[in-house]
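Order of the sequence lines sets the chain letters (A, B, ...), proteins ahead of strands, with each chain counted from 1.
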There are 2 protein chains.
Amino acid sequence: MDIKDLDTQSFMPGLSVDNVIFGFHDNQLKVLLLACKDGKHWMLPGGYILKNESVDAAAERVLFDRTGLQKVYLQQFNVFGDPKRSSASLVKGLVKSMELDETLNHWFLQRFVTIGYYALVEYEKVKPKPDPLSLSCDWFEIDQIPRLIFDHATIIESALTAMRQHLNFQPIGLNLLPSSFPLKSLQSIYETILGKKLDRPNFNRKILSLGILDKKEKHFTGAAHKAPFLYSFRKKEYYKLLKDGIS
Amino acid sequence: MDIKDLDTQSFMPGLSVDNVIFGFHDNQLKVLLLACKDGKHWMLPGGYILKNESVDAAAERVLFDRTGLQKVYLQQFNVFGDPKRSSASLVKGLVKSMELDETLNHWFLQRFVTIGYYALVEYEKVKPKPDPLSLSCDWFEIDQIPRLIFDHATIIESALTAMRQHLNFQPIGLNLLPSSFPLKSLQSIYETILGKKLDRPNFNRKILSLGILDKKEKHFTGAAHKAPFLYSFRKKEYYKLLKDGIS
DNA sequence: TCAAAAGTGTTAGCCATACACCCATGC
DNA sequence: GCATGGGTGTATGGCTAACACTTTTGA
């Protein structure tokens, strides 16, 4: 996004995308957020839609700009279309803190309908890049989200709910994990998303019975217990199952 | 929608809603469509979003204008944001056939991102009303859809898929049926949406076990077989289950 | 008495759950 | 050895699919 183009013919007016980008690290589900220049608020990575760009492509572009990643699991989940979802006074403060030309108020103060996407990315591969309008770009644990602008807290909640529902039909995980990983990591992801503990023996059996994992070598962590086996996804079977859905 | 307001400050530019309105009649799932004035195409009931109106409210308004119904099951399911989803030549033909001021081409020829909703309505209660830009408003069986404009066929397909997924978690049916109905009607709805035959004994047991139906009197159709009992929804329990989801 | 469709009963098999138990590892 | 967490085995209950059977209705 080039700031000078904002108030011109480049973007569709009144429409935006916001991405809830999930990563997994330290057995914790995390969300990528941007720090507003007012020093008080954080926000979801979002952007506008080029006049000749598909909405999906806009979401992919925003994701790429913030993470450097392409071709990851990116799923549209809801539209947030309340005319009062943004606050004029907050917007004015933000524009001021960004030291932008005040003519851009016209752009930022308009009402936006935003299309929510959630993305699943491999935490280690992400090099978070703040956009020109933000101070920084950082990961936050899902239960330690800071103060967000507008309805962005609602959007994250809604993304989690949507993901929870998709989880029952789609083997989510490949995009959140490195190429090989212990089953416990996958289980932790499921536990975090579903918000409840799962029985390890039963989880292992169920996941393995899907036929989408390859057993690889043992992984010695140095801890005083049995070394877990690592697994990797069989991508072909994984995508086939993604398409059809589980159970 | 007032035509003369189209190209003014009344509506959000580039954004629309389209409703896939489902009804149930003659043991068939039907969709409400509008006839374009070119005499060749049909389209989904859709509309624009007032500058100070929520997107959900716009969808409800469109639904009310075409059916006279309010407070029915109306569910946002997908955004269609391909910049090439409409065809300029088709739009020009349609505007011409509508005998509108050609300055309105500016409005109709812009790129629209549309937000898809599906609605479940009680067929008998609907008095289809065409909008000022259409010739008529009629029901079509789901497997006999006529030629549609733009990507509207895709939108219907997508609505069916979404509904199929929701069906497993939500007791859909109340909004499609009159206040009392035989179990067979409900079963037919499920069969149509899921696209497969269901076993009657098992279906009856499952639905009745949810505790959302009240048994009422027998209904003599005049046919040479046992008269089926009618049932009605216990709304309170129904909505509780809707909220929590089935199984 | 018969055909058609409603409704009931019964069984087998699958799958989720729960939990007991064994195994490898480093201190 | 022992604590720790990985991994395996197994019994139980509930749900579902499949289908045989009974009941009611009008011709």
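When all heavy atoms of Leu186(A) and Ile172(A) are compared, the pair lying nearest together is CD1-O, 4.1 Å.
To the nearest angstrom, C1' of dA6(C) lies 16 Å from CG of Leu198(B). One atom, CZ of Phe229(A), and another, C1' of dG5(D), lie 15 Å apart when rounded to the nearest Å. Atom-to-atom, CZ of Phe203(A) to C1' of dC15(C) comes out at 17 Å; the value is rounded to the nearest Å. Atom CG in Asn27(B) sits roughly 12 Å away from atom P in dA5(C) (whole-Å rounding). In this structure, CG of Asn204(A) is placed 20 Å from P of dC21(C), rounded to the nearest angstrom. When rounded to the nearest whole Å, the span between NZ of Lys206(B) and C1' of dG9(C) equals 20 Å. For His219(B) and dT25(D), the NE2 to P distance is 13 Å, given to the nearest whole Å. Rounded to whole Å, atom C1' of dC21(D) lies 11 Å from atom NZ of Lys226(B).
In the set dG7(D), dA16(C), dT25(D), the nucleotide with an atom closest to the side chain of Phe220(B) is dT25(D). Closest to the side chain of Pro201(B), from the set dT23(D), dT8(C), dA4(C), is dT8(C).
Take the nearest nucleotide of DNA chain C for Ala224(A) and for Asn202(A): the residue whose nucleotide is more 5' is Asn202(A). Nearest-nucleotide mapping onto DNA chain C: of Asp199(B) and Ala227(A), the residue sitting toward the 5' end is Asp199(B).
Counting heavy atoms from C-beta on, the side chains of Phe150(A) and Ile155(A) never come closer than 4.5 Å.
Of the side-chain N and O atoms in Arg205(A), none sit less than 4.0 angstrom from OP1 or OP2 of dT8(D). Taking side-chain N and O atoms only, Arg200(A) has no distance below 4.0 Å to OP1 or OP2 of dG5(D). The side chain of Lys218(A) places no N or O atom within less than 4.0 Å of a non-bridging phosphate oxygen (OP1 or OP2) of dG6(D).
For the side-chain contact (heavy atoms from CB on, under 4.5 Å) with Phe181(B), the lone residue among Leu213(B), Leu174(B), Leu176(B), Ile189(B) that qualifies is Leu213(B).
Aromatic ring orientation, Phe140(B) versus Trp42(B): perpendicular (interplanar angle above 60°, classes split at 30° and 60°).
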Quick one, Glu122(A) with Leu177(A), criterion side chain to side chain contact (heavy atoms under 4.5 Å, CB included). Give me CA distance, side-chain angles, the key distance, then yes/no.
CA-CA 5 Å; Glu122(A) 191 174 335; Leu177(A) 290 167; over 6 Å; no
